[in-house]
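In what follows, chains carry the letters A, B, and so on, assigned in the order in which the sequence lines appear, proteins first and then strands, with residues in each chain numbered from 1. No experiment lies behind these values; they were computed from the predicted model shown. Keep in mind that the numbers below use all heavy atoms, side chains included, and drop hydrogens, waters and symmetry copies.
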Protein chains: 2
Amino acid sequence: MMEKLRSFSTLSAIDNSSMVDKVELSLLDFFINKQLKVGDSIPKELELADLMGVSRTVIRESLNRLRTMGLIETKKKKGTVIKSPDITLILQKSIIPHILDHSTLRDIFELRLALEVGMADFVVSKATNEDILELLEIVKDEESQSANALFDIDYEIKFHGKLYEITANDTLREFQKLLLPVYNYIYSSGLLNLPTAQKKFTSHKQLVELLQTRDAEQFRVGMRHHLENHFL
Amino acid sequence: MMEKLRSFSTLSAIDNSSMVDKVELSLLDFFINKQLKVGDSIPKELELADLMGVSRTVIRESLNRLRTMGLIETKKKKGTVIKSPDITLILQKSIIPHILDHSTLRDIFELRLALEVGMADFVVSKATNEDILELLEIVKDEESQSANALFDIDYEIKFHGKLYEITANDTLREFQKLLLPVYNYIYSSGLLNLPTAQKKFTSHKQLVELLQTRDAEQFRVGMRHHLENHFL
DNA sequence: TTTGTGCATTATGTCGTACATATAAAACTC
DNA sequence: GAGTTTTATATGTACGACATAATGCACAAA
């Protein structure tokens with residue numbers, strides 16, 4: 001079958017896209033070629049419709065998509081202007097754990113592990129003394145918690161969330177917030193087992209101590225060990 | 001002024017959202033509450049319009065947004081069904097470097113550094129012997145390249161791209177592809193200086209050697225040093 | 001000159017209808 | 001029963017009308 005298909009390899013794929021699809025691409029092209037910057041305004045809907053020879057309906061649907069991507073903003077009477085998209089906001093809406101397929105969820109989970117290990121440098125270089133005090137406050141009664149060996153998700157989020165906050169990287173921070181429902185889903189759905197105590201484990205408290213030495217390399221290794229039982 | 005405003009803190013923000021905005025949220029809510037899964041179909045446009053007391057136009061615009069987010073798929077006669085969104089595809093369209101504001105670009109660049117350092121474990125654990133051979137092939141004439149100390153972006157992408165590929169994490173891989181235009185923009189726009197040779201530098205060739213030892217910790221440190229001149 | 005009010009203008013937002021198009025499912029042919 | 005045609009139906013596109021909100025202008029009041 002595949003053999004047979006190969007002999008038709010010159011056939012081009014039929015155009016299955018709707019007018020809205022085409023207009024959308026056209027507009028994106030327009031943005032890029034015209035080197036439009038944030039704040040620039042684009043022609044009004046009726047002008048675009050006229051220019052591109054389609055109905056206002058189609059133009060509106062296309063613009064609506066661009067708006068969904070966060071690329072434009074429209075106001076009555078004022079018209080449509082270019083906007084810098086909030087990429088995390090867009091993701092936030094489309095990431096609904098129970099709808100995302102499992103392989104993507106797994107991918108995202110791995111991505112998080114990589115991020116937390118890799119961001120060690122930023123945490124170490126940007127943590128203020130106040131930050132460290134705050135972390136100490138968070139971990140101060142860790143003994144009691146680690147004693148019963150319970151995996152307290154709220155506590156985890158509080159600690160790791162603070163680390164993200166320290167990076168002073170807004171995108172990264174938002175990224176983490178947006179991933180929280182994913183963790184919850186993964187853990188509660190049994191897609192991944194809850195971690196249990198293990199050999200090379202580094203506690204939150206130990207992590208803070210490492211952070212205090214201001215040695216990025218050490219901190220990174222510590223973080224890796226801390227996450228040990230999440231790696232398979 | 002700000003002091004005065006604070007005393008009105010109980011005032012709630014006026015609802016500035018359009019019907020389409022509301023219907024969109026309503027639909028998202030519907031998806032979550034009804035625990036809709038991939039493949040489930042939702043009521044047809046006219047039914048929704050009737051149910052929610054708005055025109056088909058509004059329903060269509062809302063659905064169009066969900067489609068843009070990749071959450072639904074529509075076919076004539078068949079109707080609308082839930083889909084697992086391709087989160088990287090959505091980002092791909094909205095990431096137009098010269099439109100994104102500079103702070104976000106910087107954030108994204110940092111994010112990449114963290115990822116590449118943090119994904120060391122996955123690279124080491126998943127690299128096949130064939131992968132390593134391929135890497136060796138890529139770096140085989142590195143001497144000549146590093147000799148003139150030129151920062152060859154194509155070569156960089158080829159090597160690092162292969163590393164992403166090795167992780168066997170599709171989301172991560174797509175994520176990298178999607179970030180490429182960002183790198184190009186950052187480098188070509190002078191937003192960040194092109195790296196120059198530096199002390200702790202680890203070459204691609206050395207990285208492959210580290211990979212061959214299958215020691216994740218070593219490889220991670222090597223990668224961190226390799227990226228040294230990208231960290232500020 | 002400044003401040004407030006009202007009105008006209010204008011571009012997007014919403015609505016309803018009509019028809020085009022694709023296609024799943026039923027009806028039909030052999 | 002397999003293949004073909006017809007029919008019904010849900011989305012896609014188009015158009016016209018009006019609603020709504022923001023803008024700017026004109027004019028009046030302080």
Side-chain angles (χ1 to χ4, degrees), chain A residues 1 11-28 30-31 34 36 38-83 85, chain B residues 1 4 12-28 30-31 34 36 38-83 85:
Chain A
M1 182 58 181
L11 280 175
S12 54
I14 60 139
D15 187 8
N16 200 20
S17 64
S18 64
M19 311 231 76
V20 179
D21 291 326
K22 289 171 194 153
V23 171
E24 180 196 340
L25 292 179
S26 242
L27 286 173
L28 279 174
F30 177 74
F31 289 2
K34 281 260 179 178
L36 293 186
V38 173
D40 290 354
S41 59
I42 64 175
K44 42 198 182 194
E45 297 176 354
L46 281 172
E47 285 177 10
L48 287 173
D50 208 42
L51 245 64
M52 308 179 86
V54 292
S55 72
R56 188 177 157 221
T57 309
V58 171
I59 296 290
R60 274 190 63 78
E61 287 212 25
S62 304
L63 289 177
N64 190 25
R65 292 195 186 172
L66 301 188
R67 185 175 19 247
T68 305
M69 299 177 210
L71 281 173
I72 61 172
E73 205 172 19
T74 54
K75 281 220 174 81
K76 291 181 182 177
K77 166 83 181 185
K78 202 177 169 189
T80 306
V81 298
I82 306 282
K83 179 177 160 281
Chain B
M1 182 58 181
K4 253 190 176 160
S12 55
I14 59 140
D15 186 11
N16 202 20
S17 64
S18 65
M19 310 237 76
V20 179
D21 290 327
K22 288 171 194 154
V23 170
E24 179 196 341
L25 292 179
S26 232
L27 286 173
L28 280 173
F30 177 74
F31 289 4
K34 281 261 181 180
L36 293 185
V38 174
D40 290 353
S41 59
I42 64 174
K44 43 200 184 193
E45 297 177 352
L46 281 172
E47 285 177 8
L48 286 173
D50 208 42
L51 246 63
M52 308 180 85
V54 293
S55 72
R56 188 178 158 219
T57 308
V58 171
I59 296 291
R60 275 188 64 77
E61 287 210 21
S62 303
L63 288 177
N64 194 17
R65 292 194 186 173
L66 301 187
R67 186 176 18 250
T68 304
M69 298 179 210
L71 279 173
I72 60 173
E73 207 172 17
T74 54
K75 281 222 175 83
K76 290 178 185 178
K77 164 85 180 181
K78 201 177 169 189
T80 307
V81 298
I82 305 283
K83 180 177 161 280

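Following rounding to the nearest Å, B:Lys77 (NZ) and C:dT21 (C1') show an atom-to-atom distance of 13 Å. When rounded to the nearest whole Å, the span between NZ of B:Lys76 and P of C:dA24 equals 12 Å. A:Lys44 has its NZ atom 8 Å from the P atom of C:dT10, to the nearest Å. Remark: P of C:dA11 and CG of A:Asp50 are 14 Å apart, rounded to the nearest angstrom. Computed from coordinates, the A:Glu61 CD to C:dT12 P distance equals 16 Å when rounded to whole Å. The interatomic distance linking A:Leu63 (CG) with C:dA11 (C1') rounds to 12 Å, in whole Å. Rounding to whole angstrom units, CZ of residue A:Arg60 and P of C:dC15 are separated by 11 Å.
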Any chance you could lay out the salt bridge (charged side-chain N to carboxylate O under 4.0 Å, His left out) test for A:Asp21 and A:Arg65, step after step, and finish with the verdict? CA-CA 10 Å; A:Asp21 291 326; A:Arg65 292 195 186 172; 2.7 Å; yes
side-chain contact (heavy atoms from CB on, under 4.5 Å) for A:Met52 and A:Val23? Distances and angles first, verdict last. CA-CA 8 Å; A:Met52 308 179 86; A:Val23 171; 4.1 Å; yes
Could you please spell out the steps behind the salt bridge (charged side-chain N to carboxylate O under 4.0 Å, His left out) verdict for A:Arg60 and B:Glu61? CA-CA 9 Å; A:Arg60 274 190 63 78; B:Glu61 287 210 21; 3.0 Å; yes
Check the pair B:Ile59, B:Leu46 against side-chain contact (heavy atoms from CB on, under 4.5 Å), reporting the backbone distance first and the verdict last. CA-CA 8 Å; B:Ile59 296 291; B:Leu46 281 172; over 6 Å; no
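Among the nucleotides C:dT23, C:dT12, C:dC15, the one closest to the side chain of B:Val58 is C:dC15. Checked against C:dG16, C:dA18, C:dG13, the side chain of B:Ser55 finds its nearest nucleotide in C:dG16.
Nearer to the 5' terminus of DNA chain D, by closest-nucleotide assignment, is the contact made by A:Met19 (compared with the other of A:Lys75 and A:Met19). In this structure, A:Arg56 and A:Gly53 both approach DNA chain D, and ranking their closest nucleotides by distance from the 5' end singles out A:Gly53.
Across residues 66-74 of chain B, not one residue has a non-hydrogen atom less than 4.0 Å from an atom of DNA chain C.
You'll find the side chain of B:Leu66 reaches within 4.5 Å of the side chain of B:Glu24, heavy atoms only. Within the 4.5 Å cutoff, the side chain of B:Ile42 has no heavy atoms near those of the B:Lys34 side chain.
Between atom CG of residue A:Asn64 and atom CD1 of residue A:Ile72 there is a gap of 8.0 Å, rounded to the nearest 0.5 Å. To the nearest 0.5 Å, the span separating NZ on B:Lys22 from OG on B:Ser62 amounts to 11.5 Å.
For the OP1/OP2 pair of C:dA11 and a distance below 4.0 Å, the side-chain nitrogens and oxygens of A:Thr80 include no atom meeting the criterion.
Taking the 5' to 3' direction, DNA chain D first and last meets chain A under 4.0 angstrom from a heavy atom at D:dG12 to D:dT23.
No more than 12 heavy-atom neighbours from other residues, nucleotides or ligands sit within 6.0 angstrom of NZ on A:Lys78.
Here A:Ser18 lies in heavy-atom contact (under 4.0 Å) with sugar-phosphate atoms only.
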